[in-house]
Amino acid sequence: MTKKNIKLILATLEDLYGGEQCGLDFKTPFELLIATILSAQCTDVRVNIVTNELFKTYDTPKAILSLGEAGLVGKIKTCGLANTKAKNIILTCEQLLTNFNGVVPATMEELITLPGVGRKTANVVLSNAFGVPAIAVDTHVFRVSKRIGLASGKTVLEVEKELMKNIPKEKWSMAHHWLIWHGRKCCTARNPNCVNCALLKRCNYGTQNF
DNA sequence: AACTCGGGGCA
DNA sequence: TGCCCAGAGTT
């Protein structure tokens, strides 16, 4: 993959998805953290609906804890995996209070100690709440990046590193969103719409499996 | 690497 | 009805 090809791919993605909504509504680091935990196996549109309502009243660790587990499950049930997520969110709120003075930490090492927070969620918080350059690799980013040749790594961490190497730092944040939109609208996991894909000429997928 | 958690949205 | 969803934790 040449630098010129990478530049053309990024430009094409920007043309296609530059006007689309960019992820979760951002308010505070804490709200972004909770919203991102909720986003597992659930579209961002639904997460935004749920969190906009939830955070009207419950926008701090103490407030969330005041709901109790059953109360929290009720508030987030439309996001799916509600029981698991509620347990993790409650544990995370408790640990924020006991280990971090109620403040969301700003390093990868600290963030991934929180229950329900993995590399993807940590990178979303780091890049969107704290301005730390990072690329969050979710299922869409992972799949699309490999198909179109922006990364060929086998693990999430490998793909993350390759993307950071191949994409100019100032475009990391937006490239994350463009790759997700392309994965949702065209480069789907099953039956991708290669025939109508704007990247077809620069993509090996379809003629060469990965 | 494979499996589980999971209810709601949508065709 | 059946398929899919901006992941993380466990085995």
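Reminder, nothing fancy here: chain letters follow the sequence lines and each chain counts from 1. In this text, all values refer to a predicted model and were calculated from it rather than measured experimentally.
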How close do A:V50 and A:I76 get, heavy atom to heavy atom, and via which atoms?
-> CG1-CA, 4.0 Å
Using the P atom on both, measure C:dT11 against B:dG6 and round to a whole Å.
-> 16 Å
More than 12 heavy atoms from other groups under 6.0 Å of NZ on A:K7 = no
Could you tell me the separation between the CD atom of A:E160 and the C1' atom of C:dG7, rounded to a whole number of Å?
-> 14 Å
What nucleic acid atoms does A:T188 come within less than 4.0 Å of, heavy atoms only: base, sugar-phosphate, or nothing?
-> nothing
Separation of C:dC4 atom P from A:L81 atom CG, nearest Å, is 16 Å
Whole angstrom is fine here: how far is it from NZ in A:K120 over to C1' in C:dA6?
-> 4 Å
Check for a donor-acceptor pair, side chain of A:K85 on one end and backbone N or O of A:G80 on the other, with a separation under 3.5 Å.
-> yes
Flag for A:N166-A:K161: side-chain donor and acceptor within less than 3.5 Å | no
When the distance from CZ of A:F142 to P of C:dA8 is rounded to whole Å, what number comes out?
-> 13 Å
Which part of the nucleic acid, if any, lies within contact of A:G80, taking any heavy atom under 4.0 Å across all strands shown: a base, the sugar-phosphate backbone alone, or nothing?
-> base
So what does A:N88 hit on the nucleic acid, given a heavy-atom distance under 4.0 Å: a base, only sugar-phosphate, or nothing?
-> nothing
Ring centres under 6.0 angstrom apart (A:H182, A:Y17) = yes
Any residue meeting salt bridge (charged side-chain N to carboxylate O under 4.0 Å, His left out) with A:E110, in chain and number order, not counting sequence neighbours | none
Is there a residue in residues 32-47 of chain A whose heavy atoms reach under 4.0 Å of DNA chain B, and which residues are they?
-> A:Q41, A:R46
Chain A on DNA chain B: first and last contacting nucleotide, 5' to 3', under 4.0 Å to a heavy atom?
-> B:dC5 to B:dG9
Side-chain ion pair, A:D44 and A:R184, N-O less than 4.0 Å | yes
In whole Å, what is the span from the CD1 atom of A:I89 to the P atom of C:dG9?
-> 13 Å
C:dA8 OP1/OP2 closer than 4.0 Å to side-chain N/O of A:T121 | yes
Least distance between heavy atoms, A:T121 atom then A:G116 atom = OG1-O, 4.4 Å
Could you check how far NZ of A:K87 sits from C1' of C:dA8, rounded to whole Å?
-> 15 Å
If you take all heavy atoms of A:C203 and A:R147, which pair is closest and at what distance?
-> SG-O, 3.3 Å
Spacing between A:L157 atom CG and C:dA8 atom C1', to the nearest angstrom | 15 Å
With a 4.0 Å cut-off, would you call A:K75 and A:E53 a salt bridge?
-> no
Heavy atoms under 4.0 Å, any strand shown: does A:H177 hit a base, just sugar-phosphate, or nothing?
-> base
Whole-Å distance separating the CH2 atom of A:W181 from the P atom of C:dA6 = 9 Å
Quick one: on DNA chain C, does A:V137 or A:C79 contact a more 5' nucleotide (nearest heavy atom)?
-> A:C79
Say you pick atom P in B:dA11 and the same atom in C:dA6; how far apart are they, in whole Å?
-> 15 Å
